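Worth saying up front: this structure is predicted, and the values here are computed from it rather than measured. Just so you know, these numbers use all the heavy atoms, side chains as well, and skip hydrogens, waters and symmetry mates.
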Amino acid sequence: MEQEEKWRILLAVAGACVLCILGGLIYGCSREKKEEPKVMEYKQTTDPATIQKNLDVSQGQAREITREIYHVQQADSPPVITYYVQAPDIDSGAKQVAKDIQDGKPDVPAAATEKTDRTVVTANTEKQKVDVYKINLAKTHKVKAGIMTADGKTYGGIGYQSGRWEGMLYTRSGKKINAASITYTLAEW
């Protein structure tokens with residue numbers, strides 16, 4: 001195989017990878033929507049069914065969210081940020097905080113307005129305070145592209161990851177699959 005043909009193949013594979021990446025970015029951006037904070041009752045934040053319904057998440061994600069919120073509530077640790085609003089009662093205060101976050105008011109702390117997948121605002125009537133929970137969901141589906149070299153030969157690859165499993169297909173010519181791999185993630189942190 002002559003050098004010019006190798007470069008054409010490499011450029012074709014690189015172009016295909018770039019197209020896949022651009023397609024993924026366009027798809028991801030089209031699905032992005034403005035985050036709206038959800039005001040929930042304090043006790044609802046530890047009910048997976050209510051979390052699943054109100055936040056539009058899967059059952060597994062709802063269990064994980066409620067478990068984390070429960071641990072935060074039980075830890076009785078000081079808040080990361082303290083922010084005061086004037087309101088006639090604690091429920092009105094929660095609604096006001098949610099509106100301030102949604103409107104992006106400049107006096108709202110950056111930690112409360114940062115971009116996350118979901119935001120929960122709840123009135124804690126026992127402690128007379130409003131809690132804001134910022135939630136980032138695990139992205140379980142990923143499309144990947146890359147280049148591999150083995151025995152002096154270069155292969156372009158495209159793959160898919162779901163949870164801890166990842167599969168990749170590699171080609172030199174773009175016409176047939178020359179190699180494949182599958183991996184499982186043993187540990188995450």
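- Checking side-chain atoms of R164 against main-chain N and O of L186 turns up a donor-acceptor pair under 3.5 Å.
- Put simply, the side chain of Q161 gets close to the backbone of G163: a donor and an acceptor are under 3.5 Å apart.
- Counting heavy-atom neighbours within 6.0 Å of K129 NZ, excluding the residue itself, gives a total above 12.
- Y170 and I177 fall into different hydrophobic clusters, where Ile, Leu, Val, Met, Phe, Trp and Tyr side chains are chained together by heavy-atom contacts under 4.5 Å.
- Side-chain atoms of Q74 do not come within 3.5 Å of backbone N or O of H71 as any donor-acceptor pair.
- Of the possible donor and acceptor atoms, one in the side chain of T171 sits under 3.5 Å from a partner among the backbone N and O of K176.
- V143 and M148 are not part of a single hydrophobic cluster, where members link through side-chain heavy atoms under 4.5 Å apart.
- There is a side-chain donor-acceptor pair under 3.5 Å between Q96 and D100.
- The environment of Q44 atom CD is dense: over 12 non-hydrogen atoms of other residues, nucleotides or ligands sit within 6.0 angstrom.
- Between the side chain of T122 and the backbone N or O of Y42, at least one donor-acceptor pair lies under 3.5 Å.
- Between E166 and K144 there is a salt bridge, since a side-chain N of the basic residue sits under 4.0 Å from a carboxylate O of the acidic one.
- Side chains of I135 and T116 form no contact here, defined as non-hydrogen atoms less than 4.5 Å apart.
- Side-chain atoms of Q73 and T45 form a donor-acceptor pair, as typed in the model, at a separation below 3.5 Å.
- For Q128, the CD atom sits in a packed shell: over 12 heavy atoms of surrounding residues, nucleotides or ligands are nearer than 6.0 Å.
- Salt bridge status for D103 with K99: present, with a side-chain N to carboxylate O gap under 4.0 Å.
- Within the 4.5 Å cutoff, the side chain of T149 has no heavy atoms near those of the Y155 side chain.
- Using a 4.5 Å heavy-atom threshold, the side chains of I158 and M168 count as separate.
- Counting non-hydrogen atoms of other residues, nucleotides and ligands closer than 6.0 Å to OH of Y160 gives a total above 12.
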